[in-house]
Amino acid sequence: MCGRARCTLRPEDVPRACHRHGFPAHFLHLQCYRPSYNVAPGSYMPVLRRDNNGVAVHCMKWGLVPGFTKKTDKPDFFKMFNARSESIGEKASFRRLLPKNRCLVAVDGFYEWKKEGSKKQPYYIHFKDERPLVFAALFDSWQNSGGETLYTFTIVTAASSPALDWLHDRMPVILADKDSVDTWLDDPSTSKLQPLLAPYEKSDLVWYPVTSAVGKLSFDGPECIQQIPLKASQNSLISKFFSAEHPKTEEKDKETRSTDATIPAGPKEEPILEGYEGVVVSDSNDETKELDKDKEKDKSNEAKNLCFQKIVKAEPFIGDSSAVASHPESLKNEVKEGTCGEGEFKETGGLEFTPKSSGKSGTKRDYELFSAQEKQWKQSVRLQDLDKSSVKHGRKQGKGKSNIKKSKDTQSTLHFFFDGK
């Protein structure tokens with residue numbers, strides 16, 4: 001089928017394109033014609049037909065509306081914009097037009113779409129020497145309810161040529177020489193028309209891909225016929241990215257085998273554990289397990305030493321050593337030995353225990369006992385300091401308030417524990 005065309009010819013060029021330049025011609029309804037690179041059914045195009053005084057270049061609408069259509073019906077120009085050559089002698093819409101309503105349509109070229117999966121790629125088809133193509137056509141007139149007469153036409157199509165069969169199974173009937181044009185336009189006998197309704201098979205008909213924007217009726221201009229490169233799917237970067245790896249060839253397999261055969265087999269390498277580079281580890285599982293246990297013990301000892309270092313760094317030894325004697329011996333021994341259980345220490349100014357340490361050792365209970373005893377000791381020391389300061393500064397009797405502000409009791413830390421050191 002032929003549903004899009006390029007028609008940029010001037011009306012006066014149509015008789016020459018149809019080999020009728022030596023005959024008188026008159027022009028009808030030229031004001032309706034607008035040259036376009038993207039002509040679709042429903043548009044006006046110049047059509048050459050027979051007239052009493054010769055030929056006429058008559059601007060008609062593409063898309064046949066039969067004359068017997070009801071006057072109140074809305075014309076549908078896409079219903080019969082093509083007529084199959086195999087059935088024009090049978091269908092009533094076309095059969096009655098063959099004797100006297102044959103005409104010619106001259107265009108620069110036409111478009112056809114190739115289905116490629118879910119998409120369609122348009123191609124522009126034209127003569128290699130850029131001469132106009134002349135199509136066999138039929139025309140009719142129809143009068144609407146307003147009394148206006150509308151002239152419409154349809155393009156006759158045939159089976160596609162072997163050269164274009166890959167693109168589409170139909171193509172317009174092309175009348176390439178003067179004899180075929182004269183027979184279609186002037187011969188009163190319809191029996192001589194059948195040889196003309198054959199596909200055009202000469203090699204001067206060429207084509208190339210164009211932009212898919214041609215499918216839009218509003219898209220017009222020289223860009224419609226601009227050739228575009230087609231991207232092969234195998235050159236696509238996405239297809240290369242997702243393509244499967246090619247299997248090795250037999251030659252590469254042979255080379256690999258020969259190379260492996262020439263290289264002598266060396267001694268078996270033994271696995272080396274991190275931190276034991278100088279130790280040869282055997283394949284037995286027992287020796288490997290013993291090494292793993294030793295390694296875990298070393299790591300635990302390192303963690304304990306690091307924990308003790310954090311305690312010393314966070315709680316410096318200041319003050320006199322007499323304060324240490326008043327603290328529980330169990331806690332002093334624990335700190336001297338450097339044990340911190342399995343809890344974690346956070347450097348926030350004091351000692352904090354995680355839930356892990358609360359249930360696994362008596363450190364928390366010792367610390368609570370220490371906090372209670374230390375609180376009483378602090379209160380007694382604070383009272384002694386207040387008495388000394390009142391005597392030193394000559395505080396008057398009768399004034400029970402002190403200038404020293406008492407700080408709120410907070411949870412005791414290990415600062416006082418280490419004050420004596």
Side-chain angles (χ1 to χ4, degrees), residues 1-11 13-14 17 32-47 59-64 75-84 104-137 152-161 163-176 199-200 202-233 235-236:
M1 59 187 299
C2 176
R4 294 292 177 88
R6 171 197 172 193
C7 186
T8 57
L9 299 173
R10 296 179 301 174
D13 294 335
V14 174
C32 300
Y33 171 61
R34 184 179 66 87
S36 175
Y37 284 85
N38 193 3
V39 183
S43 303
Y44 280 97
M45 295 177 66
V47 175
C59 284
M60 304 181 186
K61 273 199 172 185
W62 184 8
L64 188 70
D76 185 2
F77 302 107
F78 285 87
K79 188 176 182 178
M80 284 187 255
F81 61 88
N82 284 160
R84 295 176 67 92
L104 302 171
V105 179
V107 297
D108 300 282
F110 67 98
Y111 303 95
E112 197 56 78
W113 275 258
K114 169 66 176 176
K115 291 183 179 180
E116 296 179 354
S118 59
K119 298 182 180 180
K120 292 183 178 181
Q121 173 60 50
Y123 287 80
Y124 177 62
I125 306 170
H126 62 101
F127 277 133
K128 194 173 183 179
D129 57 1
E130 299 295 340
R131 71 181 188 273
L133 285 80
V134 179
F135 298 154
T152 60
F153 70 92
T154 182
I155 296 175
V156 182
T157 63
S160 183
S161 65
L164 279 173
D165 187 53
W166 65 273
L167 182 58
H168 203 279
D169 59 347
R170 305 292 296 181
M171 66 180 298
V173 174
I174 301 174
L175 306 176
Y200 188 84
K202 294 183 179 180
S203 60
D204 57 348
L205 192 66
V206 295
W207 54 86
Y208 56 83
V210 293
T211 175
S212 58
V214 176
K216 299 179 181 178
L217 296 176
S218 58
F219 188 76
D220 194 5
E223 296 83 5
C224 293
I225 61 171
Q226 184 176 0
Q227 184 175 358
I228 63 170
L230 290 180
K231 296 181 180 180
S233 59
N235 294 331
S236 175

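A quick note: this is a predicted structure, and the numbers were derived from the prediction, not measured. For the single chain, residues carry numbers from 1 onward in sequence order.
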Within the 4.5 Å heavy-atom criterion, are Pro132 and Leu9 side-chain neighbours or not?
yes

Compare all side-chain heavy atoms of Ser212 with those of Pro122 and state whether any distance is below 4.5 angstrom.
yes

Approximate separation, where rounding is to 0.5 Å, of Asp108 CG and Ser36 OG
10.5 Å

Looking only at heavy atoms, which two atoms of Tyr44 and Tyr33 are closest? And how far apart?
O-CD1, 3.7 Å

Taking only residues two or more places apart in sequence or in another chain, which ones pass ring-ring contact (aromatic ring centres under 6.0 Å, His included) with Tyr124?
Tyr111, His126, Tyr208

Can you tell me how far the CD atom of Gln121 sits from the CG atom of Leu167, to the nearest 0.5 Å?
10.0 Å

Only residue of Val47, Thr157, Ile174, Val173 satisfying side-chain contact (heavy atoms from CB on, under 4.5 Å) with Phe135 is Ile174

Is the shortest heavy-atom distance from the side chain of Trp62 to the side chain of Thr152 under 4.5 Å?
no

If you look at every heavy atom in Trp113 and Lys120, which pair is closest and at what distance?
CD1-CB, 3.7 Å

Interatomic distance, His168 atom NE2 to Lys114 atom NZ [nearest 0.5 angstrom]
10.0 Å

CA sep, side-chain torsions, deciding dist, call: Phe81, Leu64, side-chain contact (heavy atoms from CB on, under 4.5 Å):
CA-CA 6 Å; Phe81 61 88; Leu64 188 70; over 6 Å; no

Side chain proximity check, Leu104 to Val14, heavy atoms < 4.5 angstrom:
no

Salt bridge (Lys or Arg N to Asp or Glu O under 4.0 Å) pairs touching residues 202-218, sequence neighbours excluded, are Arg131-Asp204

In Å and rounded to the nearest 0.5 Å, what is the OG to CH2 distance from Ser161 to Trp166?
11.0 Å

Enumerate the residue pairs fulfilling salt bridge (Lys or Arg N to Asp or Glu O under 4.0 Å) with a member in residues 219-230, sequence neighbours excluded, ordered by first and then second residue.
Arg34-Asp220

Could you walk me through whether Leu164 and Tyr200 pass side-chain contact (heavy atoms from CB on, under 4.5 Å), step by step?
CA-CA 10 Å; Leu164 279 173; Tyr200 188 84; over 6 Å; no

Do you know which two heavy atoms are closest between Val107 and Cys7, and how far apart they sit?
CG1-CB, 4.4 Å

What is the minimum heavy-atom distance between Ala40 and Leu217, and which atoms define it?
CB-CD2, 3.4 Å

Rounded to the nearest 0.5 Å, how far apart are CG of Asn82 and CE of Met171?
12.0 Å

Do Gln226 and Thr211 make a side-chain contact, defined as non-hydrogen atoms from C-beta onward lying under 4.5 Å apart?
no

Is a donor on one side and an acceptor on the other found under 3.5 Å between the side chain of Glu112 and the backbone of Gly3?
no

How long is the span from the SG atom in Cys224 to the OH atom in Tyr37, to the nearest 0.5 Å?
9.0 Å

Show the nearest heavy-atom pair for residues Trp207 and Leu205, with the distance to one decimal.
CZ3-O, 3.3 Å

